[in-house]
Amino acid sequence: MSSSAIVKEPIDPAYVLAQIGSDQDGASILFVGVVRDHNDGRSVGGVRYDTYEEMAAQVLAEIVDEAGRSANTARVAAVHRVGELKVGEVSVAIAVSSPHRAEAYHASRYIIEEIKKRLPVWKKERYSDGAEGWVEGQTPDPAPAPHVDGS
Amino acid sequence: MSSSAIVKEPIDPAYVLAQIGSDQDGASILFVGVVRDHNDGRSVGGVRYDTYEEMAAQVLAEIVDEAGRSANTARVAAVHRVGELKVGEVSVAIAVSSPHRAEAYHASRYIIEEIKKRLPVWKKERYSDGAEGWVEGQTPDPAPAPHVDGS
Amino acid sequence: MEIRTLFFASYKELLGTGELCVHLPDGATVSDLVSALRSRGGAFTVLPTAPAVAVNRTYTHPSSLLNDGDEVALIPPVAGG
Amino acid sequence: MEIRTLFFASYKELLGTGELCVHLPDGATVSDLVSALRSRGGAFTVLPTAPAVAVNRTYTHPSSLLNDGDEVALIPPVAGG
C-alpha cells in the first residue's frame, strides 16, 4: 500500500494524494514542499537538487516503511523531485492516510523530518544577484533509529 | 487570504488546497477528514451531520482566523460539509500554507482540534444493523481561549 | 421578556422541536432559562441542568443575563470533523 | 583492494570529479579511505576528517571495515525536502 519515488519530472500533489486512502481511514494528510522565493533573508530565483539516486530511492522507501509501520495501518506515499526547480514548483509531496488523525499527522511529520535528516539530496540555491550556494544541511547519523520520535 | 465555509455539497479537496499557497510559502498542508466504515468497533454505513449553520459559519471563520494569526503569515482555508454523507465521502478539508513547515503543521492541527472542540456540528451514525446513534462529542467551553496550544 | 430558544441534534429529537419561544421575567439568566425549560416536565426533564449554551451565536456562561429578543441555543456535545 | 569512491554536491564541485577508484591495503576502514583521500593534497585536504559516509548505499561508521569492490560515497550534509 505504500509507495515512494525520486523523480526528475514535475510532481502532481493530487496524484500523490490519490495513492492513499481507504474506507477504513478517517484522516488523510498531504504535505507539499514548495520552492520559496527567499531563504535566510536572501531572494531566491530557483534551486537545483542533486542526489545519490540509487541510495536516495532506497532511503526514501525505508522512511516511508518506518512511517507506515508506526502509524496504525497507514497508507503512505512520498515523492521527491530532483534537478532544476523554479520558485513555486513542488520539491516534495507526502500523503498519509490512517483511521485516526493523530497517527496520520505523526507519520506525515516523521517523513518530512527524516527526509531532511538523511535523504541523500542536496540543494543549491540561485540568488537574484546571480550568486549560488549550497544550502547548509544536516549530517546524517550513521545508524538512524528506525522508530518514530515525538514531534 | 483566508476562507471558510459550511457546505451541503461534496467537498473537492484539491479545490480547497488551491485556495492557499504563495511564492513566500515553503510548505502547504492539506488535511482531509473522511467518513470511515467503522467507529468504536461498529460497522458504519453512513452519517448525517446536523449544524447550527449561522453560528457554525461564524465559529469556523474564527478558528481559521486564530490559526492564521498564530502561523506566521499563513494562508488558511477550511470547509466543513453537513447533511447526509456516505462512507468515503469528505466531511472536512483544511488547507494551510506557511513559509516554514512547523507553523503549517501546527495551524492545520489546531484547526481540526478546535473544530472538534467547538464547531456546532453533530454527527449521527447509521450502523450496518439498521441502528442509529449520535456520536459522543465534546462539550464546548463557554470562553474558548483564542491562542494556539501545543499539539 | 421573550427568548427565542433553539434545540439541535439529540436535544431536538428529545423534545420533538427545534425552536421554542420562552417568556422570562426581566433579569433572568441562562441558568434561569434552562430551569424554566426543565420545569415543563416530560422530555424537558432529560435536558442537562447545565448544558453548553450559545447566546446570539456565542458560547456563554450560565450566569450571563439575558435580554429581550436574544437567540439562545442549547448545544449538545459537538462532534464535527 | 579497490574501492569505488563517489562524491556529491559540494564535495564533487570541490574535487572536480564525482568518482574515483581508490586502492587500499586489505583491512582498511572507512577512516583509512578518508585519510588516503586527504593525503592526496590540494582540494582533497578540504574534505572533513570525518564526513558522513555510505558504504554500498547504507550510512556506516568510520570504523567499519571495507571490502574489495565496495561502493563508498562521501555524503555532505543533506538538504532535501
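Fair warning: this is a prediction, and the values are worked out from it, not measured in the lab. Note on naming: letters A, B, ... go to the chains in the order of the sequence lines (proteins, then strands), and numbering restarts at 1 for each one. Just so it is clear, the values below take in all heavy atoms, side chains as well, and ignore hydrogens, waters and symmetry mates.
- B/A102 touches chain A through backbone and side chain together, each having a heavy atom under 4.5 Å away.
- More than 12 heavy atoms of other shown residues, nucleotides or ligands fall within 6.0 angstrom of atom CG in B/D129.
- For B/I94, no part sits under 4.5 Å from any heavy atom of chain A, backbone or side chain.
- Looking only at side-chain heavy atoms (C-beta outward), B/K116 and A/R101 come within less than 4.5 Å of each other.
- Proximity to chain A is absent for every atom of B/S91, based on heavy atoms less than 4.5 angstrom apart.
- Side-chain atoms of A/D25 and B/R36, non-hydrogen and from C-beta on, never get closer than 4.5 Å to each other.
- The candidate with the highest count of non-hydrogen atom pairs below 4.5 Å against chain B, out of A/D37, A/V44, A/I112, is A/D37.
- Residue-level contacts of residues 81-89 of chain A with chain B, in order of numbering, are A/V87, A/G88; threshold 4.5 Å between heavy atoms.
- Between A/Y105 and B/F31, the ring-plane angle classifies as parallel under the 30° and 60° cut-offs.
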